[in-house]
Amino acid sequence: MDSTLSSKSTSLVGHIRIPGDKSISHRALMLGAIAEGETLIYGLLNSADVFCTATALKNMGVGVSNRQDGSWSIQGVGSQGLQSPKSFLDMGNSGTSVRLLMGLIAGYDISAELKGDASLSKRPMNRVIDPLTQMGAIFKTHEKGYLPLKIQGISELSSIRYQLPMASAQVKSAILLAGLRAKGTTHVIELEKTRDYTETMMRTFGAHVETDGLEISLEGGQVLQGCAIDVPADPSSAAFPIVAALLCEGSELTLNNIGINERRFGLYETLLEMGADITFKNKRTQGGEPVSDLVIKGSALKAVTVPAERVVSMIDEFPILAIAAACAEGTTTMSGLAELRVKESDRLAVMAKGLIASGVKLEEGHDTLTIYGTGHPPSGGAFIETALDHRIAMSFLVLGLVTNEPITIDDATPIRTSFPNFIESMNDIGAEFQPTNKTQSDSIDLSHDIVRHL
Ligand code: S3P
């Protein structure tokens, strides 16, 4: 455990380097792994989650090495195929690693055992197991389909036509990865348009993938060719310093090279509606993805209504949006949040509990969250249980920068899964984050003051 205290800071001024996009990093490693020849990845996210993917691929016979210039070289197995790993593949905290790797492994005559940490072992895997089983892969799981599990792939997978029951880029991607190895054409029909990095990157590796509205189709048996991938900075990681700068009066922060793919843009759209002063400069395309440099200035935020249709484009951003809403003036409502309950933690419940403890008035519904902002930061003074969730941890550290009483989070360790230098980078621009021995019993309890409907 790595308890960390966040105290009131002055304005945040300067520049932070945001690490590489997590979703793109996982996909670059996996597609590079099964391609013919070498793939070079520039700007790969060097974080715990991405290392889980890289280590798993190494254990299945893929050459993965770090080059002197900081880029990564992947020696794809191509027609030789993946090998059965000799020991458990440890997926740590990473949902993207486990779900996409299941799709990758499904199409080879190999077997693998996968395990994860306490958080990942409570997350649903049946959403991937069901379609992959229909394609011919065989799974042995814990009851309810949780990790640890064993997968036996087969080189003669059948193609399927699959309507996704939920909006999930991970499930879509797992089926497409398996579809690359299936007989015939695999069709995936989305419920809503989720991030499309798998489709885009498969094309960069030379595959033919068709998109027609919500339907993605891909013919099996296509061979990928190694290539160079340039990973932009992760808009979901950028969200934390952005909201911090908006909340701390007088701030001026610059972030370069941030991915602004429209399927990830929901938080930015929402913050602009709230009155955020964010300037998008130098918009351009990098490695096939739209990117921009951002200048963020401290702003007085007002409440907003987030429509359910926007959720998919900001699925990872609700913890930090809730912090912004808690400091904004007026009532913010968010709906369509059911998927938040199966992320690294039950993010709706964990955010509501932490915000209440920090002095925020709110109502938590089954898939809604209503936050009653006052236009001023709440009192703070809370001890936050982050439930092994990096985004909960970073969100409450940001809140502590503006509350009167400091906020303590129980464990900052999970932040290394997506943004390893978060604490140091933020402290460099003026944040007040420091290690502490403070525990739950040292904090004040404000929960009597709160309306909460479950
Ligand atoms: C991701 C998809 C999303 C997102 C996760 C990364 C991806 O998950 O929350 O952080 O890389 O495909 P779901 O597919 O479960 O919505």
Side-chain angles (χ1 to χ4, degrees), residues 19-31 44-45 47-50 52-53 91-104 116 119-120 122-132 145 147 162 164-177 188 190-202 216 229 231-232 234-240 259 261 263-267 289 308 310-321 336-348 351 367 388-395 414-415 417-419:
D21 190 284
K22 186 152 72 70
S23 296
I24 296 179
S25 295
H26 285 297
R27 287 157 171 82
L29 286 170
M30 290 188 207
L31 294 183
L44 186 85
L45 168 63
S47 80
D49 274 14
V50 174
C52 287
T53 292
M91 305 284 98
N93 190 258
S94 178
T96 310
S97 301
V98 66
R99 295 196 177 116
L100 270 60
L101 281 171
M102 281 157 72
L104 197 77
S119 152
L120 193 59
K122 283 189 263 176
R123 297 184 65 189
M125 295 301 148
N126 279 337
R127 51 181 60 196
V128 180
I129 292 174
D130 290 347
L132 294 181
L147 291 181
Y162 195 76
L164 290 175
M166 74 290 292
S168 169
Q170 291 180 354
V171 180
K172 169 178 69 175
S173 301
I175 300 169
L176 292 175
L177 286 165
V188 185
E190 294 208 80
L191 208 53
E192 290 171 73
K193 288 184 176 174
T194 63
R195 63 193 72 189
D196 54 359
Y197 300 130
T198 302
E199 301 90 297
T200 304
M201 202 184 288
M202 279 181 175
I216 302 115
I229 299 286
V231 183
D234 196 319
S236 297
S237 296
F240 300 97
N261 186 315
R263 298 192 188 192
R264 300 282 298 281
F265 201 67
L267 176 76
E289 283 294 324
R310 196 182 291 167
V311 170
V312 70
S313 65
M314 54 181 295
I315 187 67
D316 291 330
E317 276 65 82
F318 283 93
I320 192 62
L321 175 65
L337 305 184
E339 277 292 305
L340 262 58
R341 296 205 181 271
V342 290
K343 293 295 175 190
E344 285 81 332
S345 67
D346 176 344
R347 284 189 175 152
L348 252 184
M351 278 310 293
D367 68 347
L388 286 177
D389 189 328
H390 54 137
R391 300 197 205 280
I392 301 284
M394 288 187 275
S395 295
I415 296 174
T417 62
S418 62
F419 198 156

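Read the numbers this way: they start at 1 and go in the same order the structure lists the ligands and their atoms.
A donor-acceptor pair under 3.5 Å is absent between the side-chain atoms of Asp49 and the main chain of Lys22, judged by distance alone. Under the 3.5 Å distance criterion, the side-chain polar atoms of Arg263 are matched with a main-chain donor or acceptor of Thr194.
With ligand atoms numbered from 1 in the order given, ligand 1 contributes 4 (C), 5 (C), 9 (O), 10 (O) to contacts under 4.0 Å with heavy atoms of Asp316. Interface atoms of ligand 1 facing Ala169, defined by a heavy-atom separation under 4.0 Å, are 12 (O), 14 (O). Within ligand 1, the atoms closer than 4.0 Å to a non-hydrogen atom of Ile315 are 9 (O), numbered from 1 in the order shown.
Proximity of Lys343 to Pro319: side-chain heavy atoms (C-beta onward) are nowhere separated by under 4.5 Å. In this structure, the side chains of Thr200 and Glu289 come closer than 4.5 Å at one or more pairs of heavy atoms.
In terms of protein heavy-atom proximity, atom 14 (O) of ligand 1 is nearest to Ser168 OG, 2.7 Å. Nearest non-hydrogen protein atom to atom 11 (O) of ligand 1 is Ser23 OG, 2.7 Å.
Closest heavy-atom approach to atom 5 (C) of ligand 1 within the set Arg391, Gln170, Arg347, Arg123: this belongs to Gln170. Across Arg27, Glu317, Lys22, heavy-atom proximity to atom 7 (C) of ligand 1 is greatest for Arg27.
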With side-chain contact (heavy atoms from CB on, under 4.5 Å) as the criterion, how do Asp346 and Lys122 come out once you've worked through the C-alpha distance, each side chain's angles and the decisive distance to 0.1 Å?
CA-CA 10 Å; Asp346 176 344; Lys122 283 189 263 176; over 6 Å; no
Is there a side-chain hydrogen bond (donor to acceptor under 3.5 Å, both in side chains) between Thr96 and His26 once you walk through the steps?
CA-CA 7 Å; Thr96 310; His26 285 297; 4.5 Å; no
Show your working on side-chain hydrogen bond (donor to acceptor under 3.5 Å, both in side chains) between Ser119 and Glu344 and close with a plain yes or no.
CA-CA 6 Å; Ser119 152; Glu344 285 81 332; over 6 Å; no
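At least one heavy atom of Lys343 sits closer than 4.0 Å to an atom of ligand 1.
Inclusion of Arg127 in the set of residues having an N or O under 3.5 Å from an N or O of ligand 1 is not warranted.
Under 4.0 Å from ligand 1, the heavy atoms of Arg195 that appear belong solely to its side chain.
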